[in-house]
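Remarks on the structure that follows.
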Amino acid sequence: MGAPYLEGTPGQAYDSGKKASLTNMNFQVTAREHDRIIVVDVVGRLTLTDSRTQLRDLVHVFTSNGRKKFLINLKGVDFVDSNALGELTRCFCSVRQAGGDMKLVHVNARVQALLEMTRINNLFDIHADEYAALEAFR
């Protein structure tokens, strides 16, 4: 019994050698595992209309299966709206309630400015490099 494997729908069995993914025309979220850390690669517009709750759904399924360490890779995110900030915050809170931790990596300047303006950056440990972010979990 492992963590979930998502290929379009939540709840399928996860094989750590595979990627989990949820996609929309303007948004894609995939998950991969590295030393029991779930790395979630986000691509596209992180907005209410484009992403809906895909990120939260993916994180919820993994936390429900006992995963506690999440690294959200925002390298492919070109736009974030206020709903997306709420989604990131909800993900963070659900991971923390499960006794876990969530970090961000590859946050572009526009998203970083929005995180700072809303002071949500104080919630997250933010890294510029994936290797350094992964090491920060140790």
> Okay, side chain of Asn108, backbone of Val77: is any donor-acceptor separation there less than 3.5 Å?
Replying inline: yes
>> Give me the atom names and distance for the closest heavy-atom approach of Leu114 to Thr118.
In response: O-OG1, 2.8 Å
> Do Lys69 and Ile38 have side chains that get closer than 4.5 Å, going by heavy atoms?
Replying inline: no
>> Using a strict threshold of under 4.0 Å (side-chain N to carboxylate O), is an ion pair present between Arg67 and Glu33?
In response: yes
>> So Lys103 and Ile72, do their side chains get closer than 4.5 Å, heavy atoms only?
In response: no
> Would you say the side chain of Leu115 lies within less than 4.5 Å of the side chain of Leu104, judging by non-hydrogen atoms?
Replying inline: yes
> Is the side chain of Asp35 donor-acceptor paired with the backbone N or O of Ile37 at a distance under 3.5 Å, no angle test?
Replying inline: no
>> If you define the side chain from C-beta out and look only at heavy atoms, does anything of Glu87 sit under 4.5 Å from Leu46?
In response: no
>> If you compare all heavy atoms of Ala128 against all heavy atoms of Val105, which two are closest, and at what distance to 0.1 Å?
In response: C-CG2, 4.1 Å
>> Would you compute the distance between atom NE2 of His60 and atom SG of Cys91 and round it to the nearest 0.5 angstrom?
In response: 11.0 Å
> Would you say Val42 and Phe27 make side-chain contact, with heavy atoms under 4.5 Å?
Replying inline: yes
> Which atom names give the shortest non-hydrogen contact between Leu58 and Ala31, and what distance separates them?
Replying inline: CD2-CB, 3.9 Å
> What residue pairs, at least two apart or across chains, pass ring pair (Phe, Tyr, Trp, His ring centres under 6.0 Å) with a residue in residues 69-122?
Replying inline: Phe92-Phe124
> Given Glu130 and Arg32, is the salt bridge (Lys or Arg N to Asp or Glu O under 4.0 Å) satisfied, shown in steps?
Replying inline: CA-CA 13 Å; Glu130 187 171 310; Arg32 54 194 161 89; 2.9 Å; yes
>> Quick one, Asn73 with His127, criterion side-chain contact (heavy atoms from CB on, under 4.5 Å). Give me CA distance, side-chain angles, the key distance, then yes/no.
In response: CA-CA 10 Å; Asn73 178 2; His127 296 271; over 6 Å; no
>> What verdict does the side-chain contact (heavy atoms from CB on, under 4.5 Å) test give for His34 and Leu134, after you've listed the backbone C-alpha separation in whole Å, the side-chain angles of each residue and the deciding distance to 0.1 Å?
In response: CA-CA 8 Å; His34 183 0; Leu134 291 168; 3.1 Å; yes
> Rounded to the nearest 0.5 Å, how far does CZ of Arg90 lie from CG of Leu85?
Replying inline: 10.0 Å
> So Thr89 and Leu123, side-chain contact (heavy atoms from CB on, under 4.5 Å) or not? Walk me through it.
Replying inline: CA-CA 8 Å; Thr89 303; Leu123 286 178; 3.9 Å; yes
> Is there side-chain contact between Arg45 and Asp78, with at least one heavy-atom pair below 4.5 Å?
Replying inline: yes
>> I'd like to check Thr63 versus Lys68 (side-chain heavy atoms, cut-off strictly below 4.5 Å). Are they in contact?
In response: no
> Using 4.0 Å as the upper bound for N to carboxylate O, is an ion pair formed by Lys75 and Asp41?
Replying inline: no
>> Hydrophobic clusters here meaning ILVMFWY residues chained together by side-chain heavy-atom distances under 4.5 Å, can you tell me if Val80 and Met117 are in one?
In response: yes
> Are the side chains of Asn121 and Ile126 in touch, meaning some heavy atoms are under 4.5 Å apart?
Replying inline: yes
> Side-chain heavy atoms under 4.5 angstrom apart, residues restricted to Ile, Leu, Val, Met, Phe, Trp, Tyr: same cluster for Leu74 and Val59?
Replying inline: yes
> Nearest heavy-atom pair of Val95 and Met102: which atoms, and what distance?
Replying inline: CG1-N, 4.2 Å
> Would Leu88 end up clustered with Val107 when hydrophobic side chains under 4.5 Å apart are linked, directly or stepwise?
Replying inline: yes
